[in-house]
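Model, not experiment: these values are computed from the prediction. Proteins come first, then strands; the chains are lettered A, B, ... in the order of their sequence lines, and each starts at number 1.
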2 protein chains.
Amino acid sequence: MTRWPLPEYMQIALAQAKEAADSGEVPIGAVVVKEGRPIATGRNGPRERCDPTSHAEIEAIREAARVLGNERLEGCELWVTLEPCAMCAGAIVHARIARLYYGASDPKGGAVEHGARVFEQEQCLHRPEVYSGIGETESAELLRGFFRERR
Amino acid sequence: MTRWPLPEYMQIALAQAKEAADSGEVPIGAVVVKEGRPIATGRNGPRERCDPTSHAEIEAIREAARVLGNERLEGCELWVTLEPCAMCAGAIVHARIARLYYGASDPKGGAVEHGARVFEQEQCLHRPEVYSGIGETESAELLRGFFRERR
């Protein structure tokens, strides 16, 4: 049996997640894609960067905005290995991300299909298209392995 | 009649908001206070910084974490002129802010007493004490003046 290959962008996000784990950070990775081209990557790094906002999505969004010289990432996609939290979902709205693709869902901290459900709020000014479950097995296995080693 | 003076920290946050307006940014300001001492300020600046995450709270929290050399701002207070949005409320949770004081409430974008109500979610890992309505007149007047000039 041949397993259907993961989309290239989720592979990039997963590679970022692995890099986070190698640095002792919770393995979550992200990439911003514009017109089929990856323009910025990010990985979770709050401890080493002494920055509680240093989530993969925030890092990738901030880098993409620097690269484009624009706070609005119109027409951009964000690929991330885990369902974004409320902070990151809010940042996705502010950045006007057009499409969000994520791997594993996160009942504990996610705010897309759980908890605060940021994009479903009536006041939400911008709603990205959302696609989930891409590389969820790989993403979840990275997280489980990380926490298993630390127990 | 003598109007009760605003707490010093809200005055600092309002001064930051005025600085934002002077730079052409929506006037919102914040300050992080630890043991009675202001340790970091922040103001809204997404346009000039090309950073959609550059809200007053995020800037103040990131600077405070740098100053303390710790991603967790245990025992710290955050004073901000406007009700935080979902992104900033999420950052307040991640930073473990002990007490949140804000000025005007924000039915359009706020996520504390409106919309996503981030701190009220069952999954919320850390809930700050919240005090609102401090300097709300001054804060709202700054915002109204800013948008009036731009119409």
* **Evaluation steps, side-chain contact (heavy atoms from CB on, under 4.5 Å), between B:Gln16 and B:Val31** => CA-CA 8 Å; B:Gln16 288 288 314; B:Val31 58; 6.0 Å; no
Whatever's closer than 4.5 Å to a heavy atom in chain A on B:Ala95 counts as both
The interface call for B:Asp51 against chain A, heavy-atom contacts under 4.5 Å, is both
Most heavy-atom pairs under 4.5 Å with chain B, out of A:Arg49, A:Glu122, A:Arg117, A:His55, belong to A:His55
| Heavy-atom donor-acceptor pair, B:His114 side chain to B:Lys108 backbone, under 3.5 Å | no
Honestly, the part of A:Ala91 sitting under 4.5 Å from a heavy atom of chain B is both
Bottom line for B:Glu71: the part with an atom under 4.5 Å from chain A's heavy atoms is both
Check the side chains of B:Glu136 and B:Ser105 for a donor-acceptor pair under 3.5 angstrom, ignoring hydrogens and angles. no
### Query
Any idea how B:Tyr101 and B:Trp79 line up, ring-wise: parallel (<30°), tilted (30 to 60°), or perpendicular (>60°)?
parallel
Interface check, chain B: of A:Cys124, A:Ala116, A:Ala65, A:Gly90, most non-hydrogen pairs under 4.5 Å belong to A:Ala116
Under 4.5 Å to a heavy atom of chain B? For A:Gln121 that would be side chain
(Q) Within the 3.5 Å criterion, strictly below it, is a donor on B:Tyr102 or B:Glu113 matched to an acceptor on the partner's side chain? (A) yes
Expected output: side-chain A:Gln123 to main-chain B:Pro107 donor-acceptor under 3.5 Å
yes
